[in-house]
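The structure appears below as structure tokens.
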Amino acid sequence: MKVTGSTKVLGIFGHPVGHTLSPLMQNAAIEELALPYIYIPFEVNPGDLESAVNGIKSLGIAGVNITVPHKEKVIPFLDEITEEASLIGSVNTIENRNGRLVGHNTDSMGYIRSLREDAGFDPKRKKALIIGAGGAARGVIAGLSINGASEILIANRTVEKGEALAAEFGKKFKEIKFSAHPLSSLKNQDIFSSLNLIVNTTSTGLEGKTIEIELRFTPSHALVSDIAYKPPTTPFLKNAQETGRKTLGGLGMLLYQGAISFEIWTSKKAPIGAMRRALMEAVKKQ
Ligand code: ATR
């Protein structure tokens, strides 16, 4: 990659940002298409977020990804956000559109693209069980809602959070049936009846724990998915595989959210193969 006087800058704002795989994936895409861009990690302390966002304009940065812990807090500093980002309540991609900063959220479409491309699963008219009710769950629920799911059940440790989420999305998507459940219901047969998809969005894996769930009660064709990508087969997915269910890990969501961001910034079709190879290599090394 040759950096010249006309190279355009992309990047990611996070804190800590050191663990991010996005620079490897995005620079692989840039190299594959030989585009005049470079993608750089920026360590941005929470107190510096506003000035860093203003810096996108003053430095003419073409676009950035936003990661933990800035995804919600960045919104007031932008000129506009998309309907999807507003629905999810967080932004993971900023586009510098001729000096106007537009906030997008590509996580939800990233998840849907992974469902379609990696698992051949179309959410239309499907019944899904989402475990978790945090930021990641919002992205998945938004994606499934926008793409025509018929029923969405939310199971969460803190039941009130699941109830609030079900009520909020129920108001926006009146044709979809939403309901909230305690985690204990994952041990009873009732909740699994005619489910097509189960998604673990909790951060339990990061804590070295797993969700207790009786997957043998799910219909045998159901797809079991975890949005965590490390390890590629999480304990949740291992349980599903041992029960004979099809599984989908989180690497595809990471890949496609990045691909959609790349397409927003460069208006070029993302080279998925090169991006996937860069990600897989990086995950293996971690
Ligand atoms: P993220 O942005 O990754 O979704 P988050 O907003 O902090 O992170 O949400 C984390 C989710 O994982 C929540 O649904 C949380 O449950 P609570 O709402 O009850 O906190 C869930 N979670 C985290 N650790 C958990 C554990 N040990 N057991 C069950 N659920 C857990």
Side-chain angles (χ1 to χ4, degrees), residues 19-22 25 67-68 88 90 92 105-123 126-145 147 149 152-158 161-162 165 181 183 185-187 191-192 195-259 276 279-280 282-284 286:
H19 64 280
T20 176
L21 300 178
S22 293
M25 169 170 67
T67 188
V68 181
I88 302 166
S90 73
N92 78 332
N105 191 311
T106 67
D107 288 328
S108 62
M109 252 328 277
Y111 181 68
I112 300 300
R113 233 150 111 171
S114 175
L115 272 182
R116 291 209 171 105
E117 306 284 330
D118 299 333
F121 183 99
D122 182 354
K126 299 294 195 308
K127 179 174 173 182
L129 166 64
I130 313 303
I131 308 170
R138 293 184 74 91
V140 170
I141 293 168
L144 293 172
S145 302
N147 287 280
I152 296 179
L153 299 85
I154 304 169
N156 196 44
R157 179 176 61 183
T158 313
K161 268 172 71 180
L165 203 53
H181 308 264
L183 284 186
S185 62
L186 301 177
K187 291 181 194 153
I191 199 168
F192 297 102
L195 273 183
N196 303 104
L197 174 68
I198 298 161
V199 193
N200 179 23
T201 72
T202 68
S203 43
T204 46
L206 298 175
E207 299 169 20
K209 296 179 186 148
T210 188
I211 295 288
E212 288 186 33
I213 181 166
E214 290 293 347
L215 287 171
R216 65 194 160 95
F217 291 140
T218 56
S220 58
H221 64 264
L223 176 67
V224 179
S225 155
D226 196 329
I227 62 157
Y229 59 85
K230 228 172 41 179
T233 306
T234 61
F236 186 77
L237 294 185
K238 195 158 177 275
N239 175 13
Q241 287 174 0
E242 283 165 3
T243 321
R245 298 297 178 271
K246 270 191 300 180
T247 59
L248 176 70
L251 203 70
M253 179 178 182
L254 178 66
L255 168 68
Y256 287 107
Q257 64 76 31
R276 191 189 293 273
L279 268 186
M280 305 259 277
V283 170
K284 258 189 240 152
Q286 271 186 345

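Heavy atoms only: backbone and side chains are in, while hydrogens, waters and symmetry mates are out.
Counted within 6.0 Å of CD on Glu214, heavy atoms from surrounding residues, nucleotides or ligands total more than 12; the atom is thus considered enclosed.
Judged as a side chain to side chain donor-acceptor pair (under 3.5 Å), and not counting sequence neighbours, the contacts of Asn105 are Ser90. Under the rule for a side chain to side chain donor-acceptor pair (under 3.5 Å), the partners of Thr247 that lie at least two apart in sequence or sit in another chain are Gln241. For Arg116, the salt bridge (Lys or Arg N to Asp or Glu O under 4.0 Å) partners two or more places apart in sequence, or in a different chain, are Asp122.
Using a 4.5 Å cut-off on side-chain heavy atoms (C-beta onward), Thr218 and Ile213 make no contact. Two residues are said to be in side-chain contact when any heavy atoms from C-beta on lie closer than 4.5 Å; Ser145 and Ile152 meet this criterion.
In plain terms, the two heavy atoms of Leu186 and Phe192 that are nearest each other are O-CZ, 3.3 Å. Nearest approach of Leu237 to Gly249, heavy atoms of both residues: CD1-CA, 3.7 Å. Of all heavy-atom pairs between Ser225 and Tyr111, the closest is OG-OH, 2.8 Å.
Leu129 contributes atom CG, which lies 9.5 Å from atom CG of Asn200 (distance to the nearest 0.5 angstrom). A distance of 8.5 Å separates CD of Glu117 from CZ of Arg276, quoted to the nearest 0.5 Å.
Screening Leu215, Thr243, Leu197, Asn239 against Val224 for a side chain to side chain contact (heavy atoms under 4.5 Å, CB included) leaves a single residue, Leu215.
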Q: Begin with the C-alpha distance, continue with both residues' side-chain angles, and end with the deciding distance and a verdict on side-chain contact (heavy atoms from CB on, under 4.5 Å) for Ile131 and Phe236.
A: CA-CA 11 Å; Ile131 308 170; Phe236 186 77; 3.8 Å; yes
